[in-house]
Amino acid sequence: MEPLPEPRPETLPGSDGEHRLQQRLGTSGRAARFYDDQVLSHVNARMRAFVARQEMFFLATADRHGECDSTFRAGPPGFLRVLDERTLAYPEYRGNGVLASLGNIEENPHVAILMVDFFRDRIGLHVNGRARVVDDAALRAVHPALPVDDMPGRRAVVWVEVTVEEAYIHCAKHIPHLRKVTRETGRDDDGRAWGTDDTRRKGGDFFGAAAGLP
């Protein structure tokens, strides 16, 4: 078998590996159209409006060895802040103390954020870039308009600032359309236990790891 020609990473988004697979599986033309039409190096006006509505996102990081971690982040609408068209920032709330994502960012700044709107637009947005951990006071000194959340469990311990390198759509065809549960009458929140150390409210030993279940 003849070796595949080397891709042209200097002119295409994505990795060498994806370009080689596109050639092998015959999808290079389709991929090139997607790159040309949908992949930006910034978040445009519609993307910025989309980000401002989101209450959650998924975050992928890796350490210096390439060992990966994925996690979930949530907050009030707009907790993932658009500082400008090339910069996003989100607060890290008090968690379990492991700091896996922040630790990875300290070793390897590459991050991938996926926002999915399951409720209204049924569409997703990928943002890939480089991140750094910033103290709350330091970020507020540069961006004094950052909001201060009154809920104790939603106060920023630190912030993660992301410099956007790629932003592109996640298509709707496999995204389920979900509906939020109606809040209980008289509640001023949706039942989430922001910042709690209560083991039961955090989910307890749901998967039986502490109990040593087989």
**Student:** Report yes if some heavy atom in the side chain of Arg140 is under 4.5 Å from a heavy atom in the side chain of Val148; otherwise report no.
**Tutor:** yes
**Student:** Answer yes or no: are there more than 12 heavy-atom neighbours, outside Asp36 itself, under 6.0 Å from its atom CG?
**Tutor:** yes
**Student:** Might you work through the salt bridge (charged side-chain N to carboxylate O under 4.0 Å, His left out) test for Arg155 and Asp150, ending with a clear yes or no?
**Tutor:** CA-CA 8 Å; Arg155 290 175 185 162; Asp150 292 332; 5.8 Å; no
**Student:** Which heavy atom of Tyr93 sits nearest to which heavy atom of Pro76, and what is that distance?
**Tutor:** OH-CD, 3.7 Å
**Student:** Between Asp198 (side chain) and Arg200 (backbone), is there a donor-acceptor pair under 3.5 Å?
**Tutor:** yes
**Student:** Return the CG to NE2 distance between Asn104 and His65, rounded to the nearest 0.5 Å.
**Tutor:** 10.5 Å
**Student:** Using a side-chain heavy atom cutoff under 4.5 Å and only I, L, V, M, F, W and Y, what cluster partners does Leu83 have?
**Tutor:**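 Reading the cluster by chain and number, Leu83 sits alongside Val134, Leu139, Leu146, Trp159.
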**Student:** Could you work out, with ring-ring contact (aromatic ring centres under 6.0 Å, His included) as the rule, every residue matching Phe79, not counting sequence neighbours?
**Tutor:** Phe57
**Student:** Can you list everything that forms a salt bridge (Lys or Arg N to Asp or Glu O under 4.0 Å) with Arg130? Sequence neighbours excluded, please.
**Tutor:** Glu165
**Student:** Determine the minimum heavy-atom distance between Met115 and Met56, stating which atoms define it.
**Tutor:**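 Smallest interatomic distance, heavy atoms only, reads CG-O, 4.2 Å.
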**Student:** Do side-chain atoms of Asn44 reach the backbone of Met47 as a donor and acceptor pair under 3.5 angstrom?
**Tutor:**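 Looks like yes, one N/O pair under 3.5 Å.
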**Student:** Do we see a donor-acceptor contact under 3.5 Å between the side chains of Asp84 and Thr87?
**Tutor:**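 Asp84 vs Thr87: donor-acceptor pair found between side chains.
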**Student:** If you define the side chain from C-beta out and look only at heavy atoms, does anything of Arg73 sit under 4.5 Å from Leu80?
**Tutor:** no
**Student:** Any non-hydrogen side-chain atom of Pro152 less than 4.5 Å from a side-chain atom of Trp194?
**Tutor:** no
**Student:** Where the side chain of Arg53 meets the backbone of Gly78, is there a donor-acceptor pair that is under 3.5 Å apart?
**Tutor:**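 No; judged by distance alone, with no hydrogens or angles, the pair does not exist.
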**Student:** Is there side-chain contact between Ser101 and Leu59, with heavy atoms separated by less than 4.5 Å?
**Tutor:**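 Of all side-chain heavy-atom pairs linking Leu59 with Ser101, at least one is under 4.5 Å.
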**Student:** Is there a path of hydrophobic side-chain contacts, each under 4.5 Å between heavy atoms of I, L, V, M, F, W or Y residues, that connects Leu99 with Val162?
**Tutor:** yes
**Student:** Roughly how far, to the nearest 0.5 Å, is the CD1 atom of Ile169 from the CG atom of Asp37?
**Tutor:**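 So the CG of Asp37 and the CD1 of Ile169 are separated by 11.0 Å.
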**Student:** Is there a side-chain contact between Ile105 and Val111, using heavy atoms and a 4.5 Å cut-off?
**Tutor:** yes
**Student:** Is there a side-chain contact between Glu106 and Val133, using heavy atoms and a 4.5 Å cut-off?
**Tutor:**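 When only atoms from C-beta onward are counted, Val133 and Glu106 do touch, with a gap below 4.5 Å.
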**Student:** Give a yes or no on whether the backbone of Val158 and the side-chain of Asp136 come within a donor-acceptor separation of less than 3.5 Å.
**Tutor:** no
**Student:** Looking only at non-hydrogen atoms, find the nearest pair between Val43 and Ala167 and report the distance.
**Tutor:**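 Heavy-atom minimum between the residues: CG1-CB, 4.0 Å.
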**Student:** Indicate yes or no for a side-chain donor-acceptor contact from Asn108 to the backbone of Ala62 under 3.5 Å, with no hydrogens or angles considered.
**Tutor:** yes
**Student:** Verify the distance criterion only: is there a donor paired with an acceptor across the side chains of Ser41 and Arg86 at less than 3.5 Å?
**Tutor:**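 The answer is yes; a qualifying pair exists.
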**Student:** Name all residues meeting the ring-ring contact (aromatic ring centres under 6.0 Å, His included) criterion together with Phe72; count only those two or more places apart in sequence or in a different chain, and write none if there are none.
**Tutor:**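 Expected list: Phe58.
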**Student:** Looking at side-chain heavy atoms only, is the closest gap between Asp117 and Arg120 below 4.5 Å?
**Tutor:**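 Contact flag for Asp117/Arg120 side chains = yes.
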**Student:** CZ/Arg46 to CG/Asp121 distance, rounded to the nearest 0.5 angstrom?
**Tutor:**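 These two atoms lie 10.5 Å from each other.
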**Student:** Linking I/L/V/M/F/W/Y whenever any side-chain heavy atoms sit under 4.5 Å apart, do Val116 and Leu178 land together?
**Tutor:** yes
**Student:** Counting only N and O atoms by type, is there a donor-acceptor contact under 3.5 Å from the side chain of Asp63 to the main-chain atoms of Glu107?
**Tutor:**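 Looks like no, no N/O pair under 3.5 Å.
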**Student:** I'd like to check the ring-ring contact (aromatic ring centres under 6.0 Å, His included) partners of His170; sequence neighbours left out, ordered by chain and number.
**Tutor:**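 Checked His170 against ring-ring contact (aromatic ring centres under 6.0 Å, His included); matches are His126.
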**Student:** Would you call Val160 and Leu102 a side-chain contact if the rule is heavy atoms closer than 4.5 Å?
**Tutor:** yes
**Student:** Before giving the answer on side-chain contact (heavy atoms from CB on, under 4.5 Å), spell out for Lys202 and Thr196 the whole-Å C-alpha distance, their side-chain angles and the decisive distance to 0.1 Å.
**Tutor:** CA-CA 7 Å; Lys202 291 195 295 183; Thr196 188; 3.7 Å; yes
**Student:** As an exercise, state the distance from CD of Glu166 to CG of Asn128, rounded to the nearest 0.5 Å.
**Tutor:**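 Rounded to the nearest 0.5 Å, the CD-CG separation comes out at 5.0 Å.
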**Student:** Indicate if Val51 and Phe118 have the same hydrophobic cluster label, given that clusters are the connected sets of ILVMFWY residues with side-chain heavy-atom separations under 4.5 angstrom.
**Tutor:**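 They do not share one cluster, since no chain of ILVMFWY contacts under 4.5 Å joins Val51 to Phe118.
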**Student:** How long is the span from the CZ atom in Phe34 to the OH atom in Tyr168, to the nearest 0.5 Å?
**Tutor:**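 OH of Tyr168 is found 7.0 Å from CZ of Phe34.
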**Student:** Can you hop from Leu114 to Ile123 via hydrophobic side chains spaced under 4.5 Å?
**Tutor:**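 Looking at the clustering, Ile123 is in a separate group from Leu114.
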**Student:** Is the backbone of Phe50 close enough, under 3.5 Å, to the side chain of Gln54 for a donor and an acceptor to pair up by distance?
**Tutor:** yes
**Student:** Under the rule for salt bridge (Lys or Arg N to Asp or Glu O under 4.0 Å), what residues qualify as partners of Lys180, not counting sequence neighbours?
**Tutor:**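 So Lys180 forms a salt bridge (Lys or Arg N to Asp or Glu O under 4.0 Å) with Glu55.
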**Student:** Do side-chain atoms of Arg201 reach the backbone of Arg192 as a donor and acceptor pair under 3.5 angstrom?
**Tutor:**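 No; judged by distance alone, with no hydrogens or angles, the pair does not exist.
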**Student:** Do Ile113 and Leu40 share a hydrophobic cluster (ILVMFWY, side-chain heavy atoms under 4.5 Å, transitive)?
**Tutor:** yes
**Student:** Quick check on Arg94: does its CZ atom have over 12 non-hydrogen neighbours (other residues, nucleotides or ligands) under 6.0 Å away?
**Tutor:**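 No, CZ of Arg94 has 12 or fewer neighbouring heavy atoms, counting only those of other groups under 6.0 Å.
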**Student:** Could you verify whether a donor N or O on one side chain and an acceptor N or O on the other, from Ser28 and Arg30, lie under 3.5 Å apart?
**Tutor:** no
**Student:** Report the C-alpha distance between His19 and Leu12 in whole Å, list the side-chain angles of each, state the deciding distance to 0.1 Å, and finish with yes or no for side-chain contact (heavy atoms from CB on, under 4.5 Å).
**Tutor:** CA-CA 9 Å; His19 302 151; Leu12 294 175; 3.7 Å; yes
